[in-house]
Amino acid sequence: MKRRREKGMVLLLVLVVVALLASLLTEWAFSTLVDLRLTETFRDSTRAYYIAKGGIAVGRSILEEDRNGYDAPDELWAQGVPSYPVGEEGVISIAIEDESGKLDVNRLVQGGVNPHGETRKRFNRLFTNLGLNNPEELTAALIDWMDKETVGRPEVVFTDPDTGAAGAEESYYLGLDNPYPCKNGYLDSLEELALVRGFTAEVLREIRPHLTVVPFSTAVTRTGKINVNTATTQVLAAGIEEPGIATPAEAEDAAEAIAAQREVDPIKAITEIQNIPGIDSNLYSRISTANAFDVKGETFRIISRAGVNDGARTVEAVVEKTQGATKLLYIKVN
């Protein structure tokens, strides 16, 4: 009887050991499978990155081939490349946007110090057209966020010379519950606006379609002209309006007339605007002499998204287009 009990204990011990080994084997197999999946995803993500980067080169080539003197949404570059297969497992999508149809935030400050008067007025008008609260204060806060405070110079809060609206300098940001310093430099992306006083999530949603950020190295050398073929009506109206020449209502009507005309046929020369119904001689004189408008773009954003199996990458670039060539200004990998 004793021997039988001993045999039963041995059998139980063997079963316990087998169960432990099975558990360890299962854990090892699962861990190996996870490592394998991670390795495959990393491999596919790396492949997707290089495909997406190649998409930037394709986007630049498309822009360089466009040499007809105007840029409009009905052209090849604006159509992009939707879901194009690459190899057996990859796919790429390329979108190209004309940033010259938007107001460039970095043009608000010249040389890192001095506010740009005409650009400041356009921003005030745009924010007003969008129905934002305290539009002049938003513009002033933007200027103060970017203008530099030189060594030994006390804080100087920017005040709008037309309205008296004041911005916000370092002392304001350091006094917040979660303090941070004022940048005192050009913006690198539109997302930075969330750090500036008054730019709430709701405000950002309203202004995003109308604003852009072009790298500071070219912010003061470009003309900053608005492409009438791609700008929103609010941006157009902000450039047309001028006290004593074009009231807000007249500027809005002119912007809508331009938008309606370009839906029928792209505007190939600024002189064509004088033939648009609703644009009288005074409005055309304002548009043609304000040095604010053009029919082509200067800077373009190329967004290239690529996927290979479970791996995906997005590469975004801003390029400057001049006479059949493009210059890379900015590139970001998401």
Side-chain angles (χ1 to χ4, degrees), residues 73 78 80 93 95-109 116 119-146 158 160 163 165-168 172-173 176-178 180 182-183 185-216 219 224 226-241 248 251-252 255-256 258-259 262-263 297 299-305 312 314-318 330 332-334:
S93 296
I96 303 176
E97 301 174 358
D98 178 16
E99 297 298 281
S100 298
K102 307 171 185 178
L103 295 186
D104 180 10
V105 177
N106 282 340
R107 287 188 63 83
L108 270 170
V109 177
H116 188 276
T119 303
R120 170 182 57 81
K121 293 177 182 178
R122 292 184 198 173
F123 271 77
N124 285 345
R125 296 165 187 158
L126 174 64
F127 293 159
T128 300
N129 294 342
L130 294 174
L132 303 181
N133 294 327
N134 305 313
E136 293 86 1
E137 290 185 5
L138 290 174
T139 303
L142 262 180
I143 291 172
D144 264 341
W145 179 260
M146 292 189 292
F158 172 76
D160 191 303
T163 65
Y172 167 80
Y173 297 101
L176 297 173
D177 293 337
N178 296 310
Y180 50 88
C182 184
K183 185 170 186 179
Y186 291 116
L187 270 64
D188 296 309
S189 69
L190 276 179
E191 285 69 27
E192 285 185 51
L193 291 176
L195 299 173
V196 183
R197 188 195 69 181
F199 285 82
T200 62
E202 182 179 354
V203 169
L204 291 176
R205 281 194 299 271
E206 292 291 331
I207 66 177
R208 184 174 291 275
H210 314 283
L211 299 184
T212 186
V213 167
V214 176
F216 73 91
I226 301 167
N227 183 358
V228 296
N229 285 307
T230 58
T232 63
T233 55
Q234 293 90 341
V235 170
L236 287 173
I240 295 173
E241 182 183 340
E252 182 179 355
E256 291 178 352
I258 292 172
R262 71 190 185 193
E263 288 293 322
T299 55
F300 293 79
R301 188 176 303 273
I302 305 172
I303 304 169
S304 176
R305 297 183 176 91
T314 298
V315 179
E316 183 175 321
V318 175
Y330 168 89
K332 178 178 71 173
V333 180
N334 294 327

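In this text the structure is predicted, and so the values were computed from the model without any measurement. Residue numbers run from 1 in the order of the sequence given. Computation of the quantities below employed the complete heavy-atom set of this structure, encompassing side-chain atoms and omitting hydrogens, waters and symmetry-equivalent molecules.
The shortest non-hydrogen separation linking Ala255 to Leu236 is CB-CB, 3.7 Å. Shown here for Asn334 and Glu316, the closest heavy-atom pair between the two residues is ND2-OE1, 4.4 Å. When all heavy atoms of Tyr173 and Ala141 are compared, the closest pair comes out as OH-O, 4.4 Å. The shortest heavy-atom contact between Asn227 and Gly297 is ND2-N, 3.7 Å. Nearest heavy atom pair, residue Ala78 against residue Pro73, reads CB-O, 3.3 Å. Closest approach of Val109 and Ile143 over heavy atoms only: CG2-O, 4.0 Å.
Taking the six-membered ring for Trp and thresholds of 30 and 60 degrees, Phe199 and Phe127 have ring planes more than 60 degrees apart, a perpendicular arrangement.
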Item to check | Residues Thr212, Thr299; criterion side chain to side chain contact (heavy atoms under 4.5 Å, CB included); working and verdict | outcome: CA-CA 10 Å; Thr212 186; Thr299 55; 5.8 Å; no
Checklist entry - Between Arg262 and Val228, is a side chain to side chain contact (heavy atoms under 4.5 Å, CB included) present by the stated rule, with each step listed? => result CA-CA 8 Å; Arg262 71 190 185 193; Val228 296; 5.5 Å; no
Item to check | Full working for side chain to side chain contact (heavy atoms under 4.5 Å, CB included) between Glu252 and Asn129 | outcome: CA-CA 9 Å; Glu252 182 179 355; Asn129 294 342; over 6 Å; no
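With sequence neighbours left out, the side chain to side chain contact (heavy atoms under 4.5 Å, CB included) criterion links Ala194 to Leu204. Considering only residues two or more places apart in sequence or on other chains, Arg125 meets the side-chain hydrogen bond (donor to acceptor under 3.5 Å, both in side chains) condition with Glu242. When the salt bridge (charged side-chain N to carboxylate O under 4.0 Å, His left out) test is applied to Arg197, no partner is found at least two apart in sequence or on another chain.
Separating the CG atom in Asp144 from the OG1 atom in Thr139 is a distance of 11.5 Å, to the nearest 0.5 Å. Between the CZ atom of Phe123 and the NE2 atom of His116 there is a distance of 11.5 Å, given to the nearest 0.5 Å. Note that CG of Leu126 and NE2 of His210 are 6.0 Å apart. Values are rounded to the nearest 0.5 Å. A distance of 7.5 Å separates OG1 of Thr230 from CZ of Phe300, quoted to the nearest 0.5 Å. Here CZ of Arg120 is found 13.0 Å from CG of Leu142. Values are rounded to the nearest 0.5 Å. Here the CH2 atom belonging to Trp145 is positioned 4.5 Å from the CG atom belonging to Leu195, to the nearest 0.5 angstrom.
By the 4.0 Å N-to-carboxylate-O rule, Arg208 lies close enough to Glu191 to be salt-bridged with it. A salt bridge links Glu99 to Lys102: at least one charged side-chain nitrogen sits closer than 4.0 Å to a carboxylate oxygen. Looking at Lys332 and Asp188, no side-chain N of the basic residue comes within less than 4.0 Å of a carboxylate O on the acidic one, giving no salt bridge.
Residues Met146 and Val105 form a side-chain contact, since some pair of their non-hydrogen atoms from C-beta on lies under 4.5 Å apart. Looking at heavy atoms from C-beta onward, Leu138 lies out of side-chain contact with Ile207 at the 4.5 angstrom threshold. Proximity of Pro135 to Asn124: side-chain heavy atoms (C-beta onward) are nowhere separated by under 4.5 Å. Between Tyr186 and Leu108, every side-chain heavy-atom pair lies at or beyond the 4.5 Å cut-off.
Using modelled atom types, no side-chain atom of Tyr330 and backbone atom of Arg301 make a donor-acceptor pair closer than 3.5 Å. Asn106 places a side-chain N or O within 3.5 Å of a backbone atom of Val214 that can act as its donor or acceptor partner. Counting only distance, with no hydrogens or angles, the side chain of Thr314 and the backbone of Arg305 share no donor-acceptor pair below 3.5 Å.
There is no side-chain donor-acceptor pair under 3.5 Å between Glu136 and Thr163. For the 3.5 Å distance criterion, the side chains of Asp98 and Asn229 fail to qualify, holding no donor opposite an acceptor.
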